[in-house]
Number of protein chains: 2
Amino acid sequence: MLAFSVEFKSGVPMYEQVVFAVKKAMISGQLRAGEKFPSVREMSKELKINPNTAQKVVAHLVREKLLTIEPGKGSFVNDFTRATDEKFDEVLVPQIEQLVVEAKRLSIDQDEILKAIQNLWNKEQGE
Amino acid sequence: MLAFSVEFKSGVPMYEQVVFAVKKAMISGQLRAGEKFPSVREMSKELKINPNTAQKVVAHLVREKLLTIEPGKGSFVNDFTRATDEKFDEVLVPQIEQLVVEAKRLSIDQDEILKAIQNLWNKEQGE
DNA sequence: CTAGGTGTACTATGTTCTATAATACACTTA
DNA sequence: TAAGTGTATTATAGAACATAGTACACCTAG
């Protein structure tokens with residue numbers, strides 16, 4: 001049994017969906033800093049994905065400094081509050097711009113967007 | 001000269017980047033309802049992309065009901081405020097969820113996100 | 001020391017998407 | 001009629017994705 005689950009949908013690469021599921025589990029407290037992260041082969045079995053795809057997930061999470069590898073032992077969850085060197089402008093701003101454009105295209109009020117963010121923000125809470 | 005411009009960057013399909021640029025031009029008023037949209041061949045020349053790629057852009061915009069085709073004459077810009085049948089939950093919520101997760105991962109305050117949205121919202125203004 | 005579990009690397013195959021190229025056709029307008 | 005529309009087709013090339021199988025270096029438990 002894994003500390004996170006994935007509902008695969010088409011259109012998005014499986015490894016990206018797993019990475020996202022892991023991030024959600026981290027910010028919601030289902031995966032805590034210091035805990036052992038599932039091994040490549042375990043993820044492969046549990047999620048019914050290819051070992052190479054599972055390995056791709058680990059590689060991505062390591063690159064984002066969300067996991068630390070201890071050779072021979074396994075991978076472990078980092079403290080995500082100090083885990084990144086990515087910039088606000090490079091990561092968040094493009095996403096926000098896209099959100100704003102789509103919202104305006106759908107003729108949705110700004111307040112509605114802001115409320116939706118506050119709702120989701122409080123929903124995925126760290127325990 | 002087109003009513004919109006694109007700064008192509010790698011990692012995202014060209015046709016998607018053009019579609020996004022068109023949407024931005026629409027909500028900012030650079031492309032208005034009723035106006036003639038550039039022809040496939042004109043887009044191809046101006047943006048230096050393949051005619052098939054330009055055609056793909058038109059097809060996507062038609063599917064989203066942002067353009068209307070008048071056979072033999074060309075394509076024309078729709079009123080995007082009444083142009084969609086997509087649902088809030090299907091389109092916006094996944095984007096918002098992703099934004100929230102990334103923000104929390106980067107340890108960014110909710111206020112900072114909300115302010116950034118308000119800024120961009122007012123920046124891409126309809127004239 | 002040995003067996004088994006780690007992450008990791010490599011080759012290979014098949015599918016899908018992307019982008020290009022070159023034609024061709026039905027349609028409408030000037 | 002000539003030229004400009006969107007659209008469809010076939011073809012090629014490259015990249016990304018997912019699978020499969022194998023192998024290696026590392027560490028730990030027995």
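Throughout, a chain's letter reflects where its sequence line sits, starting with A, and its residues are numbered from 1.
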Considering only side-chain heavy atoms of B:Met14, which listed nucleotide, C:dG7, D:dC17, C:dT20, is closest? C:dT20

Joint hydrophobic cluster, A:Leu114 plus A:Leu99, side-chain heavy atoms closer than 4.5 Å: yes

Nearest heavy atom decides the nucleotide; on that basis, is B:Lys36 or A:Lys56 closer to the 5' end of DNA chain D? B:Lys36

With a 4.0 Å cutoff (strictly under), does any side-chain N or O of B:Thr53 reach OP1 or OP2 of C:dT18? no

Between A:Lys87 and A:Glu90 (salt bridge meaning N to carboxylate O under 4.0 Å), is one present in this structure? no

Length of the CD-C1' vector between A:Gln17 and D:dC17, whole Å: 12 Å

Under 4.5 Å between side-chain heavy atoms, counting indirect links through other Ile/Leu/Val/Met/Phe/Trp/Tyr residues: same cluster for B:Ile69 and B:Val19 or not? yes

Quick one: the dot-bracket string of DNA chain D, using Watson-Crick and G-U wobble pairs with both distances under 3.5 Å, [ ] for crossing pairs and | for bases paired to another strand. ||||||||||||||||||||||||||||||

If you only use heavy atoms from C-beta on, which nucleotide in D:dC17, C:dT20, C:dG7 is closest to the side chain of A:Pro13? D:dC17

Ring pair (Phe, Tyr, Trp, His ring centres under 6.0 Å) contacts touching residues 75-117 of chain B (sequence neighbours left out): none

Tell me whether the side-chain N/O atoms of A:Ser75 come closer than 4.0 Å to OP1 or OP2 in C:dG7. yes

Rounded to whole angstroms, how far apart are CZ on A:Phe76 and C1' on C:dG7? 12 Å

B:Ile69 has an atom CD1; how far is it from atom C1' of D:dA8, in whole Å? 15 Å

Could you tell me whether a side-chain N or O of A:Asn50 sits under 3.5 Å from a main-chain N or O of A:Asn52, the two making a donor and an acceptor? yes

What side-chain hydrogen bond (donor to acceptor under 3.5 Å, both in side chains) pairs are there with at least one residue in residues 93-102 of chain B, not counting sequence neighbours? A:Lys23-B:Glu102, A:Lys24-B:Glu97, B:Glu102-B:Arg105

side-chain hydrogen bond (donor to acceptor under 3.5 Å, both in side chains) pairs touching residues 5-22 of chain A, sequence neighbours excluded, are none

Nearest-nucleotide pick for A:Ser39, side chain only, options being D:dG6, C:dA19, C:dT6: C:dT6

Could you tell me the separation between the CZ atom of A:Arg63 and the P atom of C:dT8, rounded to a whole number of Å? 11 Å

More than 12 heavy atoms of other groups within 6.0 Å of B:Lys36 NZ: yes

If the cut-off is 4.0 Å, is B:Tyr15 near the phosphate of C:dT18, judged by side-chain N/O to OP1 or OP2? yes

Whole Å only: how far is the CE atom of B:Met43 from the C1' atom of D:dG4? 17 Å

Scoring nucleotides 20-30 of chain D by protein non-hydrogen atoms under 4.0 Å (B base, S sugar-phosphate only, - none) yields BB-B--BSS--

note: A:Lys45, atom NZ; D:dT19, atom P; distance rounded to Å ~ 16 Å

Closest-nucleotide 5' rank along DNA chain D - winner of A:Lys48 and B:Val40: B:Val40

Length of the CG-C1' vector between A:Leu47 and D:dT19, whole Å: 15 Å

Mind checking what makes ring pair (Phe, Tyr, Trp, His ring centres under 6.0 Å) contact with B:Phe20, not counting sequence neighbours? none

Short side-chain N/O contact to C:dT8 OP1/OP2 from A:Gln55, under 4.0 Å: yes

Value in whole Å for how far the P atom of C:dT6 lies from CG of A:Leu61: 17 Å

Single-linkage hydrophobic cluster A:Leu106~B:Val22, side-chain heavy atoms < 4.5 angstrom: no

